[in-house]
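This report concerns only the one structure given below.
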Amino acid sequence: MEAGEKIGLVGRNGAGKTTLLDILAGHSEPDSGSVEHPGGAKVGMTAQKLYAGERGALSLQQEIISAFEPLMARERQLEELGTRLSEDPSNALMERYGKFQSEFERDGGYEYRARAASTISSLGFAPEDWKRPVGSFSGGEQGRIALARLLMEEPDLILLDEPTNHLDLRAIEWLESFVKGARSAVIVVSHDRYFLDAVAGSMLELEDGRLTRYPGNYSKYVAEKRAREEQLARKAKANAERRAQLERFVEKNRAKASKASQARSKQKLLDSMEKIEDPRRSSKNVRLDLGGQTARAGRVVLEMENVRYAHEDADEPLLEGLDLVIERGERVALLGPNGTGKSTIMRLATGELSPQRGMVRPGNNVRLAYQDQQLARLDDSKTVLGEAMDATGFDAPEARDLLGAFLFSGDDVFKRVRSLSGGERNRLSLAEIVVSGANLLLLDEPTNNLDIPAREALEDSLLEYSGTMFFISHDRYFLRKLATRVVDLEGRKLRNYLGGYDYYRSHLRLDEDSKGRKGRQRQRVRPGQSKEQNILATRLVAVEGEIDATERRVASLEKELATSELYSDDKRSREVFTEHRQLKSTLDGLYADWGQLLEEAEETGL
């Protein structure tokens, strides 16, 4: 690795990625070979046992600030010099103080406290958390604290193992920005493809104990790997055809006296010939099939109205005045910062929790399946086979066939559920959901602990699913591919975005732009703009006005669709359905126009 280089490390679960990082960090010794850090380069990696013992008594602020110990020591020296200077204002001492102060400022001495505060805030910690002992935080929160401290410390090489786990979208975007701008070299193991696209300058693939390097980010790696595999597949086909040709010749002529010598020669050639395997045949992957028909649910599959929910002994409610309507066939993503109540909404939807006020109502003929983030529904005391049989009603041969599609083969099915890794638990849960016959899937972080091939198989299968999805995810590739609508949990209520993830992100940027203009409306036409910019600005304002008006009308129709009175009037219900469908189609066109105009505006510097 070169100084400052950013490398993504990928490979299937169990390929040895974490083991490799441990060797690079010096936590494990290789059986042979060597690991060298020229010039005594410092390597940083978050520890497995984070804040046990005395270290756990430090406050969050103290732990983060301690990353700047060298600067803090120089700060104390600068203060001592200042005290001496007040007593002895000699030219030599003033010159020394000035030089020391200039170097201190150059190295960020006057900024490190602000950097620490910004980092703590960006990773989702509230000001009231800053004085809490780090040992009192949950495992996920401690992971975020250790990550923040490591990044602040800026060693020569940073090793990151799944750093986006336990981070919400805001924190992931902050981490992306930090890694890209870090002076340190970075090796990052991640299953977050969007993150790898943003930060990696090259990719390493660990497969069968060997590393293969690919230039470019994750998307370029995928394209290059596919091209290499196709080339190797062509070679494998030609190789197989040539081997078959030689084998036929040997078999046909070995017993013939006139051809025996040639047959032996061909056999030697066959024995010395390398057998090239088709890489596509050797790869094993999860086989998901959600493409079958599900029972047809009513038009509205889930409705929440004016919901209030507070945890026991809480001073403030977690959710207040929350409204939500999900229609048949939608794939709705639920987003929001960690701790705002997303999983609580899921549990309210299942009936596991009841609101203190308001109404939660599933639609007619709705059969739901719920995968919670902790996978708590799995029985740790059972074997994998026993769990699958009890959950699905299958007999042993049927259950083994199902589990085989999810890479549980041989004696794997007799493992206890408690002994499974996070990825294996997730695969077992998905296996049960696949055959549940549900027409409404409630999924809380369904890609957690899945490697990239398994995530891609899940995405492809969910795209074929004919039912309705309501899901929580921080995987932006997953969100972009699947979400047809986004609801954002903000201030105890849901804000509706009538488009996919890219539309949601565009609206957030627009909202931030509006706030930056101190509450002024979308006034894009400004003095000093070119004619082209003025035309684009006028068109953007017009399209945004149409979008606002259409969204308001769609929202009004959706409220009407959610009322039972509508369905007693056949004529009116048909009119509402027709108008709603037409307006959704109109919105899709407006969103496309708006996105194109935004790209043109960026190109012209608007």
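Taken to the nearest 0.5 Å, the CG atom of Leu319 stands 11.5 Å off from the CZ atom of Arg357. With rounding to the nearest 0.5 Å, the separation of CG in Leu21 from CG in Asp161 is 5.5 Å. Between the CD atom of Gln373 and the CD1 atom of Ile472 there is a distance of 7.5 Å, given to the nearest 0.5 Å. Rounding to the nearest 0.5 angstrom, the gap separating the CG atom in Leu348 from the OH atom in Tyr309 is 7.0 Å. Distance CZ/Arg495 to CD/Glu490: 6.5 Å, rounded to 0.5 Å. Thr468 contributes atom OG1, which lies 11.0 Å from atom CG of Leu368 (distance to the nearest 0.5 angstrom).
Looking at heavy atoms from C-beta onward, Ile547 lies in side-chain contact with Tyr591 at the 4.5 angstrom threshold. No side-chain heavy atom of Leu420 sits under 4.5 Å from any side-chain heavy atom of Arg427. Residues Arg361 and Val300 have side chains not in contact (no heavy-atom distance under 4.5 Å, counting atoms from C-beta outward). Under the 4.5 Å side-chain criterion, counting only non-hydrogen atoms from C-beta, Ile158 is in contact with Leu150. Residues Leu428 and Leu375 have side chains not in contact (no heavy-atom distance under 4.5 Å, counting atoms from C-beta outward). At a threshold of 4.5 Å between non-hydrogen side-chain atoms, the residues Thr164 and His474 do not count as touching. Between Asp372 and Met346 the shortest side-chain heavy-atom distance does not fall below 4.5 Å. Looking at heavy atoms from C-beta onward, Leu482 lies out of side-chain contact with Tyr501 at the 4.5 angstrom threshold.
A search for side-chain hydrogen bond (donor to acceptor under 3.5 Å, both in side chains) contacts involving Tyr194 returns nothing, not counting sequence neighbours. Listed by chain and number, the residues in a side-chain hydrogen bond (donor to acceptor under 3.5 Å, both in side chains) with Asp475 are Arg193, Arg455 (sequence neighbours excluded). Take Phe408 and apply the ring-ring contact (aromatic ring centres under 6.0 Å, His included) test, not counting sequence neighbours, and it matches no residue. Remark: Phe195 engages no residue in a ring-ring contact (aromatic ring centres under 6.0 Å, His included) (not counting sequence neighbours). The side-chain hydrogen bond (donor to acceptor under 3.5 Å, both in side chains) check on Thr447 picks up nothing, with sequence neighbours excluded. Residues forming a side-chain hydrogen bond (donor to acceptor under 3.5 Å, both in side chains) with Glu579 (at least two apart in sequence, or on another chain): Arg553. In this structure, Arg367 has no salt bridge (Lys or Arg N to Asp or Glu O under 4.0 Å) partners at least two apart in sequence or on a different chain. Partners of Glu445 by salt bridge (Lys or Arg N to Asp or Glu O under 4.0 Å), not counting sequence neighbours: none found. Remark: Arg331 engages no residue in a salt bridge (Lys or Arg N to Asp or Glu O under 4.0 Å) (not counting sequence neighbours). Shown here are the ring-ring contact (aromatic ring centres under 6.0 Å, His included) partners of Tyr477, two or more places apart in sequence or in another chain: there are none. Every residue two or more places apart in sequence or in another chain that forms a salt bridge (Lys or Arg N to Asp or Glu O under 4.0 Å) with Arg480 is listed here: Asp502. Residues satisfying the ring-ring contact (aromatic ring centres under 6.0 Å, His included) criterion with Tyr370, sequence neighbours excluded, are absent altogether.
By the 6.0 Å and 45° rule, Arg228 stacks over the aromatic ring of Tyr214.
Note on ring orientation: taking the six-membered ring where Trp is involved, the planes of Tyr218 and Tyr221 are tilted (angle from 30° to 60°). Between Tyr497 and Tyr503, the ring planes lie perpendicular to each other; the angle is over 60°, past the 30° to 60° tilted range.
Judged purely by distance below 3.5 Å, without hydrogens or angles, the side chains of Asn365 and Arg296 never pair a donor atom with an acceptor atom.
Taking each heavy atom of Asp444 and Ser343 in turn, the nearest pair found is OD2-OG, 2.6 Å.
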*Worked verdict on Leu324 versus Leu334 for side chain to side chain contact (heavy atoms under 4.5 Å, CB included)*: CA-CA 11 Å; Leu324 174 67; Leu334 172 57; over 6 Å; no
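Under a 4.0 Å N-O distance rule, the pair Glu229/Lys225 qualifies as a salt bridge. Using a cut-off of 4.0 Å between Lys/Arg side-chain N and Asp/Glu carboxylate O, Glu327 and Lys584 are scored as not salt-bridged. Electrostatic pairing of Glu432 and Arg377 does not count as a salt bridge here, judged by no charged N lying under 4.0 Å from a carboxylate O.
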